[in-house]
Protein chains: 2
Amino acid sequence: MDQSDAATRTRNGDRKAPPTIYDIARLTGVSPSTVSRALNKPGRLNAQTERRIRDAASELGYRINPMARALPTGKTGTLGLLVSDITNPAYFDLVRGAERVASETGMTIVFADSQESPELERSTAERLQTSVDGLLLVGSRLEDQQIQELSSVKPLVIVNRLVDGIPAVFPDVRPGITTALELLREAGHRRIAYLAGPEASWMNGQRWQHAFEIAVEWDMSIVEIKSNAPTREGGAEAFGRVKAADVSAVLAYNDLVALGLLRECRDHGLDVPGQLSIVGFDDIFGADLPTPALSTIRMPLAALGENGIRRLLAEIDGGASEDDAALPTKFVGRESIGPVGV
Amino acid sequence: MDQSDAATRTRNGDRKAPPTIYDIARLTGVSPSTVSRALNKPGRLNAQTERRIRDAASELGYRINPMARALPTGKTGTLGLLVSDITNPAYFDLVRGAERVASETGMTIVFADSQESPELERSTAERLQTSVDGLLLVGSRLEDQQIQELSSVKPLVIVNRLVDGIPAVFPDVRPGITTALELLREAGHRRIAYLAGPEASWMNGQRWQHAFEIAVEWDMSIVEIKSNAPTREGGAEAFGRVKAADVSAVLAYNDLVALGLLRECRDHGLDVPGQLSIVGFDDIFGADLPTPALSTIRMPLAALGENGIRRLLAEIDGGASEDDAALPTKFVGRESIGPVGV
DNA sequence: CGACATTCGACAATCGGTTGCCGAGCGATT
DNA sequence: AATCGCTCGGCAACCGATTGTCGAATGTCG
């Protein structure tokens, strides 16, 4: 059959197998084990032998086969990154940060989302676990116990979540919320609303809880308004309820719902910030785009991704239990906040 | 050191090895090969034996080890997705589409970006190739020959690019551009500019070329204005040159630069669309956010991702050379286009 | 009832590395 | 000069699956 291969160029039978350490061994006249050592135990071999082997390797264009290596070592050189919803631009900054440190350390990231479905999240996590060295769960919607189970299989780090016994990386939302409410209060706001996110989201709980505490402390009234989904549509859909709540300012679960609400206000002729002040959360791409530009509480998204991966790597090779300091959030003042109308 | 393990609960020594087919074999009293057949050659075995084995497998919580399977079969169940720059929201939608199809077919996606660097792209592609069944190159900045070389190693599909002999998925930019220029012409525009993207980008070439042809055909003057980077910053930075060019409308390489330019116009008090009309490309998240909302030529991003993966899968198991129809683009009229000022 | 076909499941080799163990060879030490 | 110890590199087992081959058992048919 070989003779026909030369003719049909698009046939993929003509792909030749990549060189292996056996090829290098044959070429240099040593044993495969020696090649293996030359390539990843620098100094273990005679310098000249090592040189010779390395040269042969690069001449052959040798690339290690990660699968073959993974088998005996159990290390795949791969990290799993599972987010609750790729649709949210917030995750892109996070993914970006994660991808950066991963590629710096020579790790590969496999990426998946669970579309806000706990079932899908669990099955995807389990599937990934068989082929990665560790898993980074971002904004998990699973229950604590499920996360603990996953963690008993392979190293696992959670981002934007806190579960007993599980290494976590998360932001401190307090500073950002504090500044935001401070400003709102100074601007005369006394009745505010929190436009909520998914109930299964730990982050949502955090945001609500801290906003609540601070508002109460400062003697502002605060109510929680439900939303259908943490999306622009969800925010737009909540417009009616926001309006009915008779508040002068809204703190939204995230920028997506804030943006949705903001747009709906514009479409309904409700002046922002004249009649309603809006504060978002995350500072995603595009938050500064609308008029008025969205004031928001910036999440250290890239840093969360970076630290998440770093923490995971530490967890994988050692189990160093250094607890990360919670990364601070920061209020970003733009145009969607104003003095309360008369 | 082992005795300390029991004490420190965070130690990862307590993770037990996952069950293998050997465990199942022992449990059911058959040989490992029989287990293998029971699990992935339905019907090959006696129905009862198969049942018994399957039950044991699920009881043990058996998950196949993809690495171990990959070794003899050469199939990893993984696809590589390499984009030129994760920063661009346009890729979000594309990645989303790709991820969808992949997870539907039980494939896993490994994801990486090359930060607009051809060198990085090449090395990353080569690295990925050793551990995936195929590669999807999106907006590649490599030279044709390099792509062909990569393609000779493993199945490869390119998106937003055309290279001789390489399966490709790409949009037809013509319809969108046609409509856009048509509208501009009707609105009285006679002198327009194309705010260019990266020279290494095939897509940029396409957009320029078609815009050029159509403009010439319709007797409009068109000039190409360089930009430093296909980002918001790049667009903002080009503001001076756009202004100096004395045109009444700008067609931008993508929404990012359009958005940057738009913002810069606002900051400099140049009225859009009163004094300048702007049209973007891609219809990314956020394009509808600014005031004026950005008119743009929508790319079928999700479809590109989906078809890209589908094409890749076809390429992997068969080499079916069915050529995809080019997906049409569509003009999305919003607010950044207006009649030419006097 | 015997020959033959067919079904079922085990054996063993293989994929491409890694690594513990061992022995050969060498120089240094006393 | 004999011993010691160290360096260097090979042997072979192993990681967890897949698969070609083959023998045994079963059933079928004449």
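Naming convention: chains lettered A, B, ... in sequence-line order (proteins, then strands); numbering from 1 in each chain.
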**Study point:** Closest approach of A:I109 to A:A102 (non-hydrogen atoms, all atoms of both residues)
**Key:** CG1-CB, 3.5 Å
Exercise for review: Report the distance from atom CG of A:L45 to atom P of C:dT18, rounded to the nearest whole Å.
Suggested key: 13 Å
Exercise for review: For the pair B:D55 and B:R52, find out whether any cationic side-chain nitrogen is under 4.0 Å from an anionic carboxylate oxygen.
Suggested key: no
Practice item. State whether the side chain of B:S140 and the backbone N or O of B:L137 hold a donor-acceptor pair below 3.5 Å, judged by distance alone. Key: no
**Study point:** Check ion pair B:D144-B:R161 (N to O, under 4.0 angstrom)
**Key:** yes
Practice item. Find the distance A:N46:CG to D:dC6:P and express it as a whole number of Å. Key: 18 Å
Check your understanding: Which nucleotides of nucleotides 16-22 of chain D have their base under 4.0 Å from a protein heavy atom (B), which only their sugar-phosphate (S), and which neither (-), written as one string 5' to 3'?
Key -> BBBBBB-
**Study point:** A:T20 versus A:Y62, side-chain donor and acceptor atoms under 3.5 Å
**Key:** no
Check your understanding: Would a distance-only check, ignoring hydrogens and angles, find a side-chain to backbone donor-acceptor pair under 3.5 Å from B:T34 to B:V30?
Key -> no
Practice item. Find the bend of the helix from C:dC1-D:dG30 to C:dT30-D:dA1 as the angle between its two terminal axes (five pairs each), to the nearest 10°. Key: 50°
Practice item. Quick one: pull up CZ in B:F111 and CG in B:L79 and give me the separation to the nearest 0.5 Å. Key: 14.0 Å
**Study point:** NZ/NE/NH1/NH2 to OD/OE distance under 4.0 Å, A:E116 and A:R141
**Key:** yes
